[in-house]
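Below: one structure, written as structure tokens.
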Amino acid sequence: MSATIKDVAERAGVSKALVSRYLNGKNGVSQENRNRIADAIQELRYTPNALARSLVTQKTFTIGVLMEALDTEPALAVLRGLEKGIQSVPGGEQYTLIYTNSFGDVERKERQLRYLTQGRADGVIIFGSQICNDELIARLAETEFPVVLIENDLSSVSTDRVLVDNVGGAFSATETLIQTGHRRIAHIAGNMNLKITMDRMHGYLQALQYHGVQIDNSLIAFPDFSSLPVHQRQPMGWESLFVDQGYAEMKHMLDKNVIPDALFVPTDFLAFGAIRALREKSLRVPEDVSIIGFDNEIAMAARLECPPVSSVVQPLQEAGSKAVELCLKRINDPGRVMERIILKTFMADHHTVANRK
């Protein structure tokens with residue numbers, strides 16, 4: 001015979017009402033009692049009747065997570081944070097996370113959102129800064145459905161959001177190059193359809209201006225990312241495109257005899273390609289050209305048989321945990337003030353910056 005809520009209460013030494021509060025994600029259950037109830041549920045292998053609970057609470061105890069791709073290093077970091085958050089935030093252990101993968105296809109993402117918001121989830125977390133998503137998010141925000149944005153500072157809508165200080169991270173990276181004696185600092189831009197790309201370019205330009213370093217347009221490149229439609233992405237497709245573009249743009253600079261003494265790029269993938277072009281010209285990193293990237297793609301560096309570059313690290317695992325916390329707060333208290341959390345970056349030094357002073 002299956003265990004009942006009464007059995008759980010007796011095993012935990014608490015009342016049935018307290019077990020019910022715990023199961024329904026309500027406040028008023030101490031951490032000690034939460035632990036005892038959780039242990040009793042595990043020992044008895046108790047399974048609540050999900051349908052009965054949803055009829056009583058008007059909740060599905062499910063949170064949808066929308067992502068462009070689930071297999072990238074940034075996405076995996078966010079996933080780890082989401083799973084950590086769902087286990088550590090009070091009430092989170094009662095929830096299930098459903099992950100979707102849109103491959104950058106807006107129509108696909110719209111179908112996924114429609115599915116989740118029509119009674120199948122209590123809230124949605126959206127990771128990514130694609131400009132093409134703004135209209136979709138704006139329409140969702142108008143419904144007052146609980147939604148949390150990660151890395152998308154869409155100021156025109158009223159939603160909770162968890163952001164990474166991309167401008168500050170890029171500023172610090174460029175400033176590091178300036179403070180170590182570099183003046184000809186090149187920049188190969190990323191996909192300009194991503195807000196984080198523009199933020200990182202702004203940080204680069206702000207650092208040059210702040211330190212009085214003249215902006216040289218010959219040192220700034222804008223690759224073409226239109227050759228790979230986002231909805232046709234294959235494994236390693238977009239990563240290879242970034243590597244190839246980093247190679248092409250650096251080779252183009254060097255062929256015109258435009259030789260930087262340093263390079264800051266908004267993703268390590270561009271750096272890996274640039275290093276290939278530099279090696280073809282017998283230029284060494286960091287002896288001849290210092291490099292700082294973004295995202296700390298150590299695993300991908302190994303796969304490409306390239307040494308990791310000094311890189312700005314995003315606290316994406318923390319972003320995932322914070323997003324779960326905000327989403328649960330919004331679900332349980334729809335009228336609360338919207339929160340905008342900004343997380344600081346930090347530098348991983350892989351010795352691709354030389355001191356030229």
Side-chain angles (χ1 to χ4, degrees), residues 74 129-131 151-153 163-225 242-243 245-254 256 258-275 277-278 283 285-286 288-297 308-316 342-350 352-357:
S129 66
Q130 289 76 6
I131 295 174
E151 277 217 306
N152 191 345
D153 197 14
L163 309 170
V164 172
D165 187 8
N166 285 287
V167 174
F171 184 99
S172 295
T174 309
E175 185 175 61
T176 296
L177 293 170
I178 294 170
Q179 291 176 340
T180 49
H182 302 82
R183 289 297 179 271
R184 291 182 54 77
I185 304 172
H187 180 72
I188 301 174
N191 184 351
M192 298 303 286
N193 290 315
L194 303 178
K195 295 174 188 175
I196 59 172
T197 296
M198 293 185 286
D199 287 345
R200 294 171 189 180
M201 172 170 271
H202 289 160
Y204 158 78
L205 294 172
Q206 287 176 15
L208 295 180
Q209 292 175 325
Y210 180 82
H211 288 279
V213 177
Q214 183 175 356
I215 296 173
D216 184 345
N217 290 331
S218 69
L219 293 172
I220 301 175
F222 294 91
D224 179 11
F225 290 100
F242 272 70
V243 174
Q245 291 292 347
Y247 168 80
E249 295 299 337
M250 179 54 67
K251 184 177 185 303
H252 185 59
M253 281 189 194
L254 298 177
K256 294 190 302 180
V258 176
I259 303 176
D261 59 21
L263 172 67
F264 167 67
V265 286
T267 171
D268 290 354
F269 292 109
L270 289 167
F272 300 149
I275 289 173
L278 290 168
L283 293 170
V285 177
D288 299 312
V289 181
S290 294
I291 295 180
I292 298 180
F294 221 109
D295 297 334
N296 199 31
E297 294 280 359
V309 297
S310 297
S311 189
V312 180
V313 182
Q314 305 180 78
L316 290 177
I342 301 178
L343 304 176
K344 295 296 183 182
T345 60
F346 60 94
M347 183 77 72
D349 182 10
H350 297 299
T352 56
V353 176
N355 195 327
R356 306 206 187 284
K357 285 188 174 182

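Just so it is clear, the values below take in all heavy atoms, side chains as well, and ignore hydrogens, waters and symmetry mates. The first residue in the sequence is number 1, and the count goes up from there. Because the structure is predicted, anything quoted here is derived from the model rather than measured.
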Please name all residues satisfying side-chain contact (heavy atoms from CB on, under 4.5 Å) with K357, sequence neighbours left out, ordered by chain then number.
-> N355

Approximate separation, where rounding is to 0.5 Å, of M198 CE and N166 CG = 11.0 Å

For residues H350 and N296, determine if any side-chain heavy atom of one lies less than 4.5 Å from a side-chain heavy atom of the other.
-> yes

Specify the closest pair of heavy atoms between P308 and T352, including all atoms of both residues, with the distance to one decimal.
-> O-CG2, 3.8 Å

Applying side-chain contact (heavy atoms from CB on, under 4.5 Å), name anything that partners N193, two or more places apart in sequence or on another chain.
-> N191

Salt bridge (charged side-chain N to carboxylate O under 4.0 Å, His left out): which pairs involve residues 262-271, sequence neighbours left out?
-> none

From E249, M201, Q245, residue fulfilling side-chain contact (heavy atoms from CB on, under 4.5 Å) relative to F222 = M201

Which residues satisfy the side-chain hydrogen bond (donor to acceptor under 3.5 Å, both in side chains) test with H211, sequence neighbours excluded?
-> E175

Closest approach of F264 and I185, non-hydrogen atoms and distance?
-> N-CG2, 4.3 Å

Go through the steps for E151 and L163 under the test side-chain contact (heavy atoms from CB on, under 4.5 Å), then give the verdict.
-> CA-CA 5 Å; E151 277 217 306; L163 309 170; 5.6 Å; no

To the nearest 0.5 Å, atom CD1 of I178 lies from atom CG of L208 at 5.0 Å

Taking side-chain contact (heavy atoms from CB on, under 4.5 Å) as the test, write out the residues that go with L343, two or more places apart.
-> V162, P315, E318, A319, I341

Are the side chain of S129 and the backbone of N152 linked by a donor-acceptor contact shorter than 3.5 Å?
-> no

Contacts of type side-chain hydrogen bond (donor to acceptor under 3.5 Å, both in side chains), residue H182, not counting sequence neighbours | T180, S290, R356

Which residues pass the ring pair (Phe, Tyr, Trp, His ring centres under 6.0 Å) test with Y204, sequence neighbours left out?
-> H187

Partners of Q206 by side-chain contact (heavy atoms from CB on, under 4.5 Å), sequence neighbours excluded?
-> V167, F171, H202

Looking only at non-hydrogen atoms, find the nearest pair between A354 and P286 and report the distance.
-> CB-O, 3.5 Å

With side chains defined as the heavy atoms from C-beta onward, is the minimum distance between T345 and V164 less than 4.5 Å?
-> yes

Which atom names give the shortest non-hydrogen contact between P266 and A189, and what distance separates them?
-> CG-C, 4.0 Å

Side chain to side chain, I259 and M253, heavy atoms closer than 4.5 Å = no

Show the numbers, then the answer: is there a side-chain contact (heavy atoms from CB on, under 4.5 Å) between L278 and L263?
-> CA-CA 11 Å; L278 290 168; L263 172 67; 5.6 Å; no

So do V309 and V265 actually touch side chain to side chain, heavy atoms under 4.5 Å?
-> no

Who are the salt bridge (charged side-chain N to carboxylate O under 4.0 Å, His left out) partners of D165, not counting sequence neighbours?
-> K344

Applying side-chain hydrogen bond (donor to acceptor under 3.5 Å, both in side chains), name anything that partners D349, two or more places apart in sequence or on another chain.
-> S310

Of the non-hydrogen atoms in P260 and M250, which two are nearest, and what is the gap between them?
-> CG-CE, 4.4 Å

Out of curiosity, F294 CZ to M347 CE, how far, rounded to the nearest 0.5 Å?
-> 8.5 Å

Which atom of L270 lies closest to which atom of I188, heavy atoms considered = CD1-O, 3.4 Å

Check whether any side-chain heavy atom of T174 lies under 4.5 Å from a side-chain heavy atom of V213, and answer yes or no.
-> no

What pairs of residues pass the salt bridge (charged side-chain N to carboxylate O under 4.0 Å, His left out) test when at least one of them lies in residues 177-206, not counting sequence neighbours?
-> D134-K195, R184-D216, R200-D295

